[in-house]
Amino acid sequence: MIVDVLTIFPEMFEGPMSTSMIGLARERGLLEFRTHDLRDWTSDRHRTTDDSPYGGGPGMVMKPEPLGRAIEAIQDLDDEHAHTVFLTPSGRRFDQSTAEELSAHDRVLFVCGRYEGFDARTLSLADEELSIGDYVLTGGELAAMVVTDAVARLLPGVLGHEDSAVDESFSTGLLEYPQYTRPAVWQDIEVPEVLRNGDHAKIEAWRRRKAVELTLARRPDLLEHAELTSEENAWIEREKDHADSQPEED
Ligand code: ADE
């Protein structure tokens, strides 16, 4: 997969995109990652990328001309169309299923906004607009890195263990079950007996139940879309009834 990023701060990407799994994925040729400095497509002496908003108001807006020229040029780098994603807090909320969708593209171009945002006319150049959450960052760069990280780890061969991405939080629609490693006792807390007995069917059942329990406790909204057995649904209903019948704590 080829990931291009258009930004006025290419240096922000150097450390995070060269370290750990992403760095390895690049070394192994599974991910090609390129940054492009938006200032290279400006035409004035000061290499200006922003201007004040029509109609007044605080902050600055990304100028459309350099952005348009840059996107066209980057699109033309390879034969394939780069699926073009603008990072903005007004975009669709990024989640694991969006990461899966993006990982199916051969090329993705992330366009990072700064200042108060993009000139609205340039949004037509985007195939989609994504937000990484309901908060406002100083720019799209950190968001582009978050999305690249979540997408790159889904590419075949990037994770050491191919099953790692199958069981984990969100891919099953549930939060991940608790994990333990040696020692068997730490600060007087024992690793659950079932995990030490080598009975794989029992381990599976225990993990599944823990995943459902944790999701019910922390992210009940996820249960609406999770694939649950009728037994699990019945158990959840009983748990909810039980919680409703408990007196409220102050
Ligand atoms: N740019 C600024 N805030 C952002 C957010 N939450 N997601 C994506 N891009 C952004």
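As the structure lists them, so they are numbered: ligands from 1, and atoms in each ligand from 1. A quick note: this is a predicted structure, and the numbers were derived from the prediction, not measured.
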Asks: Please name all residues satisfying side chain to side chain contact (heavy atoms under 4.5 Å, CB included) with Lys210, sequence neighbours left out, ordered by chain then number.
Replies: Tyr177, Pro178, Trp206, Glu213

Asks: If the threshold is 4.0 Å, N to carboxylate O, is there a salt bridge linking Lys63 and Asp44?
Replies: no

Asks: Can you name the side chain to side chain donor-acceptor pair (under 3.5 Å) partners of Glu65, sequence neighbours left out?
Replies: none

Asks: Is Arg92 salt-bridged to Glu101, cutoff N-O under 4.0 Å?
Replies: yes

Asks: Going by side-chain hydrogen bond (donor to acceptor under 3.5 Å, both in side chains), name the pairs with one or both residues in residues 140-150, residues two or more places apart or in two chains.
Replies: Thr7-Glu141, Arg114-Glu141

Asks: One line per pair, note the atom names and distance for all nitrogen or oxygen contacts under 3.5 Å between ligand 1 and the protein.
Replies:
residue	atom	partner	partner atom	Å
ligand 1	3 (N)	Leu137	N	3.0
ligand 1	6 (N)	Gly133	O	3.2
ligand 1	6 (N)	Tyr135	O	2.8
ligand 1	7 (N)	Ile132	N	3.0
ligand 1	9 (N)	Thr88	N	3.2

Asks: Look at the rings of His105 and His83 and say which category their plane angle falls in: under 30° parallel, 30 to 60° tilted, over 60° perpendicular.
Replies: parallel

